[in-house]
Number of protein chains: 2
Amino acid sequence: MDLAAQRRRVPYRQGEGERLRQDILDTAARILEESGREDALSLRGIARELGIAAPSIYLHFNDKTDLVRTVLDARYAALASTMREAGSAAAEAGADAWGVLRAIVGTYRGFAVDNPRRYRLMFSLEQQTSAEDRRATGHPLDRVLIAWTDAVDQYLAAACPEQREEADTLGVLLWTGLHGQFALWHTLPHSFVDDDTILRELEEALMRRLLPPSD
Amino acid sequence: MDLAAQRRRVPYRQGEGERLRQDILDTAARILEESGREDALSLRGIARELGIAAPSIYLHFNDKTDLVRTVLDARYAALASTMREAGSAAAEAGADAWGVLRAIVGTYRGFAVDNPRRYRLMFSLEQQTSAEDRRATGHPLDRVLIAWTDAVDQYLAAACPEQREEADTLGVLLWTGLHGQFALWHTLPHSFVDDDTILRELEEALMRRLLPPSD
DNA sequence: CTCATCGACCTAACGGCGTTAGGTTTACTA
DNA sequence: TAGTAAACCTAACGCCGTTAGGTCGATGAG
């Protein structure tokens with residue numbers, strides 16, 4: 001720990017103040033990633049690590065929840081991107097429509113299983129978006145929602161075009177269904193830590209029941 | 001507020017010390033019910049309301065998380081009971097198997113929609129049950145899980161006996177699917193506060209796709 | 001070259017929190 | 001009547017988020 005080195009930090013030069021904002025964001029993201037608990041993150045702890053005074057964080061964020069929200073918003077966008085990339089990669093590798101959708105589902109499961117506490121944190125937040133904000137910038141989770149409806153729409157377009165109008169409903173059903181499985185994973189019978197077999201079985205069962213087979 | 005009256009509380013008499021435990025439990029339950037946030041509950045706040053000293057809570061609970069867990073465990077059991085009662089009531093009112101199941105689903109939705117923050121709190125907790133505890137007393141949510149698998153099993157027994165062996169899987173799929181919908185409710189499009197229409201539609205869509213029709 | 005301004009921080013302090021250590025008072029028991 | 005034990009208590013520690021009010025060097029204007 002280079003606490004001594006940080007104790008007398010030299011401030012960023014004029015015009016580079018935004019770099020501290022990024023430092024704070026990075027540190028907060030790492031702590032949240034590791035702990036998966038919002039209350040394991042403290043502004044004073046961040047300040048200690050960075051060698052700054054705790055109130056300096058308020059130069060860049062309104063309060064603690066603003067900081068956490070900013071970190072998580074980036075995570076939502078990253079998750080949505082990862083899903084899209086997984087779909088594209090599977091398609092380029094020659095997978096059929098069902099295979100592409102399964103690749104996306106598997107990526108999402110991987111994200112949830114890889115760090116269950118992070119996943120819970122991301123999806124159990126209050127997220128009290130005001131109706132105003134919502135109409136302006138949309139809900140932070142909209143990117144994830146759209147990634148799902150797009151994924152299902154592409155499957156339907158290739159496999160079952162006549163049901164394509166149901167893409168939105170099916171996308172929501174698939175996403176919420178999978179989310180429920182991951183959220184309740186540890187309460188399901190025969191679920192041991194680091195064994196996601198039951199999740200693979202459930203997700204297969206859910207997909208087969210929800211989605212129409214390929215023509 | 002009868003703070004003045006409580007300021008000098010007369011202690012429970014010898015042999016009645018457990019009554020304070022119940023007082024603490026009741027107060028904690030009320031605050032959690034109203035706020036839906038664990039960090040809105042403070043031991044010092046409970047103590048103020050009851051006219052006791054904060055450390056006295058430690059005579060009855062190991063720490064704050066122990067208190068919260070105790071409150072929530074009772075809620076899980078109550079939820080499971082309510083589901084069973086709703087099923088029985090529907091059956092006695094002459095509903096068919098599908099109607100009974102829908103009554104149970106509706107009750108569960110009502111519980112979630114009636115106080116979304118309480119619902120989130122109940123199902124987003126760490127619940128780090130040790131493997132040891134789990135084998136001894138079971139997971140606190142097991143009662144809810146069993147209520148679901150029982151409900152689906154009874155439906156299948158009446159409507160589609162040949163698929164009855166799938167009751168466990170279908171129960172889990174139904175529960176996790178519904179849970180995902182409720183957990184992500186506020187991120188879904190066209191979901192306005194106090195309008196659970198979209199939930200009713202989604203739950204109908206999920207049930208119809210998951211469950212086999214009646215013979 | 002001076003000097004006011006401004007950006008990038010800082011210290012001090014407030015009130016609140018969970019939790020621990022170590023009493024104190026009251027009732028029952030031997 | 002002495003002692004034990006139940007049902008509490010006070011004081012204190014070290015955290016925490018947040019606010020108020022500095023400090024100090026770079027920068028641009030006159």
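Below, chains carry the letters A, B, ... as their sequence lines are ordered, and counting in each starts from 1.
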Whole angstrom is fine here: how far is it from [atom1] in [X] over to [atom2] in [N]?
X: B:L67; N: C:dG18; atom1: CG; atom2: C1'; answer: 12 Å
X: B:L59; N: C:dG23; atom1: CG; atom2: P; answer: 17 Å
X: A:D39; N: C:dT19; atom1: CG; atom2: C1'; answer: 15 Å
X: A:I57; N: C:dC10; atom1: CD1; atom2: P; answer: 10 Å
X: B:L50; N: D:dA7; atom1: CG; atom2: P; answer: 16 Å
X: A:H60; N: C:dG7; atom1: NE2; atom2: P; answer: 12 Å
X: B:E18; N: D:dA7; atom1: CD; atom2: C1'; answer: 11 Å
X: A:R37; N: C:dG18; atom1: CZ; atom2: C1'; answer: 13 Å

Close aromatic pair by centroid cut-off 6.0 Å: B:H179 and B:Y119: yes

All side-chain hydrogen bond (donor to acceptor under 3.5 Å, both in side chains) counterparts of A:Q22, not counting sequence neighbours: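 Checked A:Q22 against side-chain hydrogen bond (donor to acceptor under 3.5 Å, both in side chains); matches are A:D26.
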
Sugar-phosphate, base or nothing in reach of A:L20, heavy atoms under 4.0 Å: sugar-phosphate

Ring-face cation contact, A:F123 with A:R118, 6.0 Å cut, 45° max: no

For A:R208, salt bridge (Lys or Arg N to Asp or Glu O under 4.0 Å) partners two or more places apart: A:E204

Partners meeting side chain to side chain contact (heavy atoms under 4.5 Å, CB included) with A:A53 (sequence neighbours left out): A:P55, A:S56

Side chain to side chain contact (heavy atoms under 4.5 Å, CB included) involving B:R84 - partner list, sequence neighbours excluded: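 B:R84: side chain to side chain contact (heavy atoms under 4.5 Å, CB included) contacts with B:I146, B:A147, B:D150.
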
Strictly under 3.5 Å: I want the nitrogen or oxygen pairs between protein and nucleotides 23-29 of chain D, one per line.
none

Salt bridge (Lys or Arg N to Asp or Glu O under 4.0 Å) between A:R120 and A:E38, worked out: CA-CA 11 Å; A:R120 170 160 39 217; A:E38 191 179 346; over 6 Å; no

Flag side-chain contact, heavy atom, 4.5 Å: B:E33 against B:R75: yes

4.5 Å side-chain heavy-atom contact, B:F111 and B:M122: yes

Please tabulate the protein-to-nucleotide N/O contacts below 3.5 Å involving nucleotides 16-22 of chain D, giving atom names and distances.
{"from": "D:dC16", "atom 1": "OP1", "to": "A:S42", "atom 2": "OG", "distance (Å)": "2.9"}
{"from": "D:dC16", "atom 1": "OP1", "to": "A:R48", "atom 2": "NH2", "distance (Å)": "3.4"}
{"from": "D:dC16", "atom 1": "OP2", "to": "A:R48", "atom 2": "NH1", "distance (Å)": "3.3"}
{"from": "D:dG17", "atom 1": "OP1", "to": "A:L43", "atom 2": "N", "distance (Å)": "2.9"}
{"from": "D:dG17", "atom 1": "OP2", "to": "A:L43", "atom 2": "N", "distance (Å)": "3.0"}
{"from": "D:dG17", "atom 1": "OP2", "to": "A:R44", "atom 2": "N", "distance (Å)": "3.2"}
{"from": "D:dG17", "atom 1": "N7", "to": "A:R44", "atom 2": "NH1", "distance (Å)": "2.5"}
{"from": "D:dG17", "atom 1": "O6", "to": "A:R44", "atom 2": "NH1", "distance (Å)": "2.7"}
{"from": "D:dT18", "atom 1": "OP2", "to": "A:Y58", "atom 2": "OH", "distance (Å)": "2.6"}
{"from": "D:dT18", "atom 1": "OP2", "to": "A:K64", "atom 2": "N", "distance (Å)": "3.0"}
{"from": "D:dT18", "atom 1": "O5'", "to": "A:Y58", "atom 2": "OH", "distance (Å)": "2.9"}

